[in-house]
Amino acid sequence: MPELPEVEHIRRTLSAKIVGSWVLRTRVERDDVIRGEIGVRDRGRALLRDGRISDVRRHGKRLAILVQDGRVLEFGLGMTGQFLLESPGGVPAERNHRHVIWYLGDRCGGMKQRLVWRDPRRFGGLTPLGDPETLNKACWGVLGPDALEIDEETLFDRLKKTQRALKTALLDQRLLAGVGNIYADEALHAAGIAPERRSHEVSRCEVGGLLKHVKRILREAVELGGSTIRDHKDPLLQSGAYQGRHAVYGRPGEPCQRCANVIRSNVVGGRTTHWCEACQI
DNA sequence: TGACACCTGGGT
DNA sequence: ACCCAGGTGTCA
């Protein structure tokens, strides 16, 4: 489900709703979604019980919830990971695959809302960490710069070091964090560069143009709540709207908006890839 | 670098 | 019944 825009939209939604809340209680329905070795005794602590939520952060496609005493929960959403925010009396719309639930509220007051971690395919998961340093270094330090933050020179230098197809490199989270299959295809089309071009042969000028489109497309997608292809819903069950702006993703056989040539699709680096042979060179 | 694995669900 | 899916990790 989630690339950078979807995760950033989720981050903003969560941040507005849960920062300042206390974690009153936690409930685990499936413990194999929790990564790392956590003793059963400490599991509630590891899941932030009795903490006051101070921040919700994102790097690339990854998300973290922090509490004031320094404990951290780090999330990878995989393909179908999802947060749900629910009011105490409300009946859940999604009843299955609800793996972890946090009951949030005031310090000594009643429960105000539930935060639910749902993930049907379970490619995602959460990792408890002891402190923000570990989050930034050991955990997120292995990822490349965030796609909204990286500068042209850094991206050019990193692409220069690999001969892989440009699209494959863009999907490598250690090279650049946040771009996935949809936005890689969209950015390459906007920049007029073929996905199979060798990364080290792309000129500085082309990388500059590509990066401008990457950032523009990601920012626009964030503002529209991301893309909803099949099942992406934000914590309030809202769908995204950026799928309406896709120029190539999911449109094989349709005419290219720029040159009217037929959009084709093929597998590049193991992922279905959509592009226009006529205007992407 | 590619094939395959991890899972469930939706569409044809 | 079969193919596909917004991701990532491991294997030869």
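Proteins come first, then strands; the chains are lettered A, B, ... in the order of their sequence lines, and each starts at number 1.
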(request) Could you pull out the closest heavy-atom pair between A:Ser54 and A:Val19, with the gap in Å? (result) O-CG1, 3.8 Å
(message) Closest approach to the side chain of A:Arg164, judged atom by atom: which nucleotide of B:dT1, C:dT8, B:dT8 is it?
(response) B:dT1
(request) Nearest whole angstrom, please: distance from the C1' of C:dT8 to the CG of A:Asp172. (result) 11 Å
(message) Whole angstroms only, please: what is the CD1-P distance between A:Ile182 and C:dC4?
(response) 17 Å
(request) With the side chain of A:Asn181 defined as its heavy atoms from C-beta on, choose the nearest nucleotide among C:dG7, C:dT8, B:dC7. (result) C:dG7
(request) Send over the distance from A:Arg121 CZ to C:dT8 C1', rounded to a whole Å. (result) 11 Å
(request) Starting at atom CD of A:Gln163, determine the distance to atom P of B:dG2, rounded to an integer number of angstrom. (result) 13 Å
(request) Answer yes or no: does a side-chain N or O of A:His232 lie under 4.0 Å from OP1 or OP2 of C:dA5? (result) no
(request) Taking the side chain as every heavy atom from C-beta outward, state whether A:His9 and A:Arg12 have any pair of such atoms under 4.5 Å apart. (result) no
(message) Consider side chain to side chain contact (heavy atoms under 4.5 Å, CB included). Of A:His189, A:Lys167, A:Glu196, which one does A:Trp275 pass it with?
(response) A:Glu196
(message) Can you confirm if the NZ or CZ of A:Arg25 lies within 45° of the ring axis of A:Tyr103 and under 6.0 Å from the centre of its six-membered ring?
(response) yes
(message) With rounding to the closest Å, how many angstrom separate the P atoms on B:dC7 and C:dC11?
(response) 16 Å
(request) Let me know which of A:Glu220, A:Glu186, A:Glu223 forms a salt bridge (charged side-chain N to carboxylate O under 4.0 Å, His left out) with A:Arg245. (result) A:Glu220
(message) Any base atoms under 4.0 Å from A:Tyr249, or only sugar-phosphate, or nothing? Heavy atoms, all strands.
(response) sugar-phosphate
(request) Using whole Å, report how far CZ of A:Arg271 lies from P of B:dA3. (result) 15 Å
(message) Using a 4.0 Å heavy-atom cut-off, does A:Gly270 contact any base of the nucleic acid, only the sugar-phosphate backbone, or nothing at all?
(response) nothing
(request) Give a yes/no answer on whether the side chain of A:Asn96 brings an N or O atom under 4.0 Å of OP1 or OP2 in B:dT8. (result) no
(request) Decide whether A:Thr154 and A:Asp157 meet the rule of one side-chain donor and one side-chain acceptor closer than 3.5 Å. (result) no
(request) Respond yes when some side-chain nitrogen or oxygen of A:Thr80 is under 4.0 Å from OP1 or OP2 of C:dG7, and no when none is. (result) no
(message) Nearest whole Å is fine: how far is C:dT8 C1' from A:Asp119 CG?
(response) 13 Å
(message) Should A:Phe123 be counted as stacked on B:dC7, where stacking needs a ring-centre gap under 5.5 Å and an angle between planes under 30 degrees?
(response) no
(request) Using the closest heavy atom to pick a nucleotide of DNA chain B for each, name whichever of A:Arg198 or A:Arg230 lands nearer the 5' end. (result) A:Arg198
(message) Just the rounded figure in Å: distance from P of C:dC3 to CE of A:Met79.
(response) 17 Å
(request) Classify the angle between the aromatic ring planes of A:Tyr242 and A:Tyr183 as parallel (below 30°), tilted (30 to 60°) or perpendicular (above 60°). (result) tilted
(message) Heavy atoms only, 4.0 Å cut-off, all strands: where does A:Thr168 land among base, sugar-phosphate and nothing?
(response) nothing
(request) Fill in the dot-bracket string of DNA chain C, one character per base: . for unpaired, | for a pair to another strand, ( ) or [ ] for pairs within the strand, taking Watson-Crick or G-U pairs under 3.5 Å. (result) |||||.||||||
(message) Do A:Leu104 and A:Ile53 make a side-chain contact, defined as non-hydrogen atoms from C-beta onward lying under 4.5 Å apart?
(response) yes
(request) Whole angstrom is fine here: how far is it from CD1 in A:Ile229 over to P in B:dG9? (result) 20 Å
